[in-house]
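Presented below is the structure to which this report refers.
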Amino acid sequence: MPELPEVEIVKRSLFKMINKASIIEIKVKNKNLRYKIPRNFIIDLVGQKILRITRRSKYLIFYFQKKLLLAHLGMSGKFILIRNGDKKMFKTNFYYDLNIIQKHNHIYFKLSNGFTLVYNDIRRFGFFKLFNVNELNKVTFLKKLGLEPLSAKFNSEYFTIFINNRSKNIKNLLMDQTFVSGLGNIYVNEVLFMTGIDPLRLCNNLKKTEIKSLVLNIKKILKSSILKGGSSIKDFKNLSGKSGSFQSFFHVYGRENKNCSRNSCTGEIKKISISSRSSFYCVKCQN
DNA sequence: TTCTTTGTTCCGGA
DNA sequence: GTCCGGAACAAAGA
């Protein structure tokens with residue numbers, strides 16, 4: 001489940017391997033992703049050169065001469081790089097992991113640098129959208145997004161002002177992409193555990209020190225995960241098919257009924273549902 | 001067949 | 001008008 005750190009790793013891998021390459025050919029095997037791949041998708045992109053690749057929240061943005069390609073990986077979307085014309089498909093030097101099922105390959109981008117970029121997505125919740133180059137400011141997906149959690153502007157002052165006159169619980173606040181963009185369920189669970197805050201605590205009851213600590217821990221956990229190559233709790237793989245290592249550092253997510261991993265805490269991890277999303281927390285040190 | 005999983009969007013109620 | 005939570009949506013695997 002790609003959240004900010006995973007998307008950042010994908011962006012870096014893509015930048016390293018295919019930046020400045022041109023698209024020679026596109027094969028759409030299944031156009032029914034989260035949104036239908038439009039008719040003009042192929043004609044708009046073939047012959048275009050990738051000028052740069054950036055990330056905003058969990059979105060990837062590919063800059064071409066005439067178009068912008070916005071991509072979201074949804075729950076299970078991944079990019080795989082194979083050699084052009086390779087019939088063995090997943091037995092290349094670049095992808096030896098057979099957890100990838102070929103029937104979920106939906107789009108092939110044949111590139112000028114000898115590689116083909118494959119988009120694979122089991123649940124097909126990911127999507128691609130095309131925009132004109134000067135229309136980035138009109139993209140509604142991006143317009144609504146709040147601050148990047150790793151930016152300097154995301155700090156205690158911003159946090160304090162935003163929660164003024166708001167009463168939602170802290171779990172939902174951190175999940176709210178208009179507040180801070182890029183955190184998903186897994187990282188929010190981890191941040192709240194690290195900070196020792198009950199996910200149901202109302203955000204307008206937070207103390208100054210808790211807000212400060214939350215901001216610090218959000219940055220710390222995201223940076224640490226990026227350094228370790230992203231998590232791989234279920235589906236995440238980087239371009240070379242290797243899992244990240246951050247998943248082994250999860251303290252609460254998926255640890256229902258297990259003992260709290262915090263030194264000196266004898267509590268147990270409980271699972272509850274908040275806004276129909278599962279939340280894991282220690283009954284003792286998060287209250 | 002039902003339940004779970006995700007981020008995003010939409011809708012009704014306060 | 002604004003805020004909030006819950007539900008719907010997409011697909012697939014257990």
Side-chain angles (χ1 to χ4, degrees), chain A residues 1-8 10 28-38 55-61 70-78 98-107 119-129 139-149 159 161-191 198-206 222 225 230-237 244 246-247 250 252-257 270-280:
Chain A
M1 283 154 277
E3 299 180 30
L4 188 150
E6 291 77 32
V7 180
E8 177 63 23
V10 171
V28 179
K29 280 182 63 184
N30 187 344
K31 57 178 183 289
N32 296 308
L33 302 181
R34 177 73 179 84
Y35 305 114
K36 208 168 190 174
I37 298 292
R55 176 193 62 75
R56 172 76 171 102
S57 184
K58 299 163 200 166
Y59 296 91
L60 291 166
I61 307 163
L70 185 74
H72 194 289
L73 300 174
M75 273 180 77
S76 54
K78 35 185 105 58
L98 298 178
N99 285 329
I100 292 293
I101 302 167
Q102 204 167 327
K103 74 170 176 182
H104 300 304
N105 287 351
H106 305 309
I107 306 182
Y119 180 69
N120 178 288
D121 191 344
I122 295 176
R123 290 177 182 78
R124 288 197 255 146
F125 289 179
F127 67 80
F128 293 92
K129 284 266 187 189
V139 181
T140 45
F141 294 101
L142 304 178
K143 257 200 214 167
K144 299 173 182 173
L145 295 176
L147 292 179
E148 283 284 320
F159 200 118
I161 291 167
F162 191 93
I163 62 178
N164 185 36
N165 291 325
R166 281 174 209 258
S167 62
K168 57 165 66 173
N169 65 54
I170 183 63
K171 168 80 193 301
N172 283 337
L173 178 77
L174 297 183
M175 294 286 285
D176 181 352
Q177 303 296 304
T178 69
F179 169 57
V180 61
S181 61
L183 296 174
N185 199 28
I186 295 168
Y187 287 98
V188 168
N189 273 284
E190 293 302 315
V191 164
D198 185 331
L200 287 172
R201 267 284 288 288
L202 294 183
C203 62
N204 52 5
N205 290 336
L206 290 169
L222 293 178
S225 181
S231 76
S232 70
I233 179 117
K234 269 193 181 158
D235 289 326
F236 180 71
K237 300 271 191 289
F246 193 75
Q247 76 286 356
F250 285 152
V252 277
Y253 192 85
R255 297 192 70 247
E256 188 182 10
N257 297 329
K270 197 179 163 190
K271 179 185 179 183
I272 58 168
S273 182
I274 300 176
S275 296
S276 35
R277 292 287 180 267
S278 47
S279 288
F280 300 87

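Any value given below was found using the heavy atoms of this structure, including those in side chains, with hydrogens, waters and symmetry copies removed. Chain letters run A, B, ... following the sequence lines, proteins first, then strands; residues in each count from 1.
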Within this structure, what is the [atom1]-to-[atom2] distance between [X] and [N], rounded to whole angstrom?
| X | N | atom1 | atom2 | result |
| --- | --- | --- | --- | --- |
| A/Ile170 | C/dG5 | CD1 | P | 12 Å |
| A/Met75 | B/dT8 | CE | P | 13 Å |
| A/Arg166 | C/dC4 | CZ | P | 6 Å |
| A/Phe162 | C/dC3 | CZ | P | 8 Å |
| A/Met175 | C/dC4 | CE | P | 16 Å |
| A/Glu256 | B/dT4 | CD | C1' | 13 Å |
| A/Phe179 | C/dC4 | CZ | P | 12 Å |
| A/Arg56 | B/dT8 | CZ | P | 11 Å |

So, OP1 or OP2 of [N]: does either fall under 4.0 Å of a side-chain N or O from [X]?
| X | N | value |
| --- | --- | --- |
| A/Tyr187 | B/dT6 | no |
| A/His72 | B/dT8 | yes |
| A/His104 | C/dG13 | yes |
| A/Lys58 | B/dG7 | yes |

Spatial distance of atom CG (A/Asn30) from atom NZ (A/Lys36) [nearest 0.5 Å]: 10.0 Å

Which class fits the ring pair A/Tyr119 and A/His106: parallel under 30°, tilted 30 to 60°, perpendicular over 60°? tilted

Between A/Phe179 and A/Phe162, how do the two ring planes meet: parallel, tilted or perpendicular, split at 30° and 60°? tilted

Listed partners of [X] passing side chain to side chain donor-acceptor pair (under 3.5 Å), at least two apart:
| X | answer |
| --- | --- |
| A/Asn32 | none |
| A/Lys58 | none |
| A/Ser57 | none |

Side chain of [X]: nearest nucleotide among [options]?
| X | options | answer |
| --- | --- | --- |
| A/Phe125 | C/dG13, B/dT6, B/dT8 | B/dT6 |
| A/Phe141 | B/dT5, B/dG7, B/dT9 | B/dT9 |
| A/Arg123 | B/dT9, C/dA12, B/dG7 | C/dA12 |
| A/Lys168 | B/dG7, C/dG5, B/dT9 | C/dG5 |

Just need the stems in DNA chain C: three or more back-to-back Watson-Crick or G-U pairs, each with both distances under 3.5 angstrom, sorted by first number. B:2-14 with C:2-14

Under the rule for salt bridge (Lys or Arg N to Asp or Glu O under 4.0 Å), what residues qualify as partners of A/Arg55, not counting sequence neighbours? A/Glu8, A/Glu148

Would you mind classifying the nucleic acid contact of [X] as base, sugar-phosphate or nothing, using non-hydrogen atoms under 4.0 angstrom?
| X | result |
| --- | --- |
| A/Asn169 | sugar-phosphate |
| A/Asn172 | sugar-phosphate |
| A/Asp121 | nothing |
| A/Tyr59 | sugar-phosphate |

Verify the ring-centre separation between A/Phe128 and A/Tyr35: is it less than 6.0 angstrom? no

Among A/Lys270, A/Lys271, A/Lys171, which one satisfies side chain to side chain donor-acceptor pair (under 3.5 Å) with A/Ser279? A/Lys171

Verify the neighbour count for atom NZ of A/Lys31: are there more than 12 heavy atoms of other residues, nucleotides or ligands below 6.0 Å? no

Residues A/Val252, A/Glu190; criterion side-chain contact (heavy atoms from CB on, under 4.5 Å); working and verdict: CA-CA 6 Å; A/Val252 277; A/Glu190 293 302 315; 3.4 Å; yes

Can you list, by residue number, the residues of residues 270-278 of chain A that have a non-hydrogen atom closer than 4.0 angstrom to DNA chain B? A/Lys271, A/Arg277, A/Ser278

Of A/Leu33 and A/Lys103, whose closest DNA chain C nucleotide lies nearer the 5' terminus? A/Leu33

Could you check A/Cys203 against A/Arg124 and say which one's nearest nucleotide on DNA chain C is further toward the 5' end? A/Cys203

